[in-house]
K.L.:
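Next up is a structure, given as structure tokens.
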Number of protein chains: 2
Amino acid sequence: MARNNPAGDVRERLVQAALGLFAQHGVNGTSLQMIADEIGVTKAAVYYHFPSKEDLVEAVVTPYLRDLAAVVEAAEGRHRRADRLDTLLGGIIDLLVDNRELHIALQADPVIRRHVDGRPDMRDLGMRAGLLMMGTRTDTHALIITLIVSGGLAYASTSPYLADLDDTELRRELHTTARRILGIKTPITQH
Amino acid sequence: MARNNPAGDVRERLVQAALGLFAQHGVNGTSLQMIADEIGVTKAAVYYHFPSKEDLVEAVVTPYLRDLAAVVEAAEGRHRRADRLDTLLGGIIDLLVDNRELHIALQADPVIRRHVDGRPDMRDLGMRAGLLMMGTRTDTHALIITLIVSGGLAYASTSPYLADLDDTELRRELHTTARRILGIKTPITQH
DNA sequence: GTCTATATCTTGATAGAC
DNA sequence: GTCTATCAAGATATAGAC
């Protein structure tokens, strides 16, 4: 196995290059030529590793879906509401902060959305996470708070205004803020 | 002026068709052929009304930017903090609810983002809105709450889970929830 | 595993008839 | 103001040499 490349095998470098370009230009705005150029190979080399562009999309998205699924399952495994929330928020925020500007782009990209919707194993992940956040409440108000926190965390974590915060600080700020916002609907459980 | 079309002149129908398709497939995922087909004309007819695809993007985006600018300016014209917040939130939520599923897609689309960033008159709209939300606070915590509310409102207003709420109800729910979340940082002003 | 070369299709855009 | 016909460029994808 030829390992004369700067960092790791070509397949993984292709996935990383694609990830960055997808986030910046969208999937439709990123040609295989751009991806190949990014790591210094030709289009044909890309096609050796991935039979089609869709396969590349799948390779880019899958690790994130797996990580998210693991977080949701871990949270569902907890029993007390506070623990479920902490596990879910902590896990999601870790994912967001570790990737920063990528999540919004990936989540909003029409091609990726369609790809994810086409995978039955992953389709209800968003709803399961939402149910965990809502807890026992099922009214409209709780739903709206849940939606605002979900979308708001993803949006905030990608903001250029927070770019100079280090990961640890950003994680802590997002977690406490999300906790406090979600606490609005259940003020009694807060100390 | 030939007015033998189902609804209004062709130019406006093209803009509306483009808006819907952009939101669904993204700008790069929407060909001029698709837009032409949508209203039953040919590509060449599109090019009569818009010299280039970018001009169509501009025609789609401009009304929203103008509306947003009007809201921000109206809010900046108020003097008391509570009035500024109410004007801003009310205006933005009206825009979101009136268009629902469009805003997230438009805001996240790389082509549209680039187009907006290239218009100096509109570039600082987001920051001005953010400053209005933050009020006198300038710390990280206030910034994060502002970001979460901004992104969260846009995200929530597009959620399928809220699709069956009528506009009036959705508006009211979003407004009171946003108000309460922003109230976290200034609990003294809330009775 | 990576290359050159090419096939095929779709795109944004133009020319000119009506 | 809309059409048919066409162009040049760029896209995904394939074939076959090394």
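In what follows, chains are A, B, ... by sequence order, proteins preceding strands, each numbered from 1. Note that the structure is predicted; figures quoted are calculated from it, not measured.
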K.L.:
Within the side chain of A/D124, is there an N or O that forms a donor-acceptor pair under 3.5 Å with the backbone of A/M127?
P.N.:
no

K.L.:
Can B/D139 and B/R137 be said to form a salt bridge (Lys or Arg N to Asp or Glu O under 4.0 Å), step by step?
P.N.:
CA-CA 6 Å; B/D139 57 316; B/R137 297 279 299 270; 2.9 Å; yes

K.L.:
Which ones in residues 27-37 of chain B lie close to DNA chain C, meaning a heavy atom under 4.0 Å from one of its atoms?
P.N.:
B/T30, B/S31, B/L32

K.L.:
So, OP1 or OP2 of C/dT2: does either fall under 4.0 Å of a side-chain N or O from A/T42?
P.N.:
no

K.L.:
Check the hydrophobic clustering (I, L, V, M, F, W, Y; side-chain heavy atoms under 4.5 Å; chains of links allowed) and say if A/L131 and B/Y155 are grouped together.
P.N.:
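No, it is not one cluster - the side chains of A/L131 and B/Y155 are not joined through contacts under 4.5 Å.
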
K.L.:
Take the protein atom CD of A/E12 and the nucleotide atom P of C/dG1, then report the distance between them rounded to whole Å.
P.N.:
15 Å

K.L.:
How many whole angstroms separate atom NE2 of A/H25 from atom C1' of D/dA11?
P.N.:
16 Å

K.L.:
Which of these, A/T158, A/L95, A/L19, sits in a side-chain contact (heavy atoms from CB on, under 4.5 Å) with A/L102?
P.N.:
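Answer to the side-chain contact (heavy atoms from CB on, under 4.5 Å) test with A/L102 among A/T158, A/L95, A/L19: A/L19.
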
K.L.:
In whole angstrom, give the distance that lies between atom NZ of A/K43 and atom P of D/dG10.
P.N.:
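Going from NZ in A/K43 over to P in D/dG10 covers 11 Å.
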
K.L.:
Using heavy atoms and a sub-4.0 Å distance, could you list which residues of residues 47-54 of chain B are near DNA chain D? By number, please.
P.N.:
B/Y48, B/H49

K.L.:
Just by modelled atom types, is the A/G77 backbone N or O under 3.5 Å from a matching donor or acceptor in the A/R84 side chain?
P.N.:
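Not confirmed, A/R84 side chain does not pair with A/G77 backbone.
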
K.L.:
Would you mind reporting whether B/L170 and B/R100 have side-chain heavy atoms less than 4.5 Å apart?
P.N.:
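The answer is yes; the side chains approach within 4.5 Å.
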
K.L.:
Do you know which two heavy atoms are closest between A/R113 and A/A108, and how far apart they sit?
P.N.:
CD-O, 4.1 Å

K.L.:
Donor-acceptor pair, B/R81 side chain versus B/M133 backbone, under 3.5 Å?
P.N.:
yes

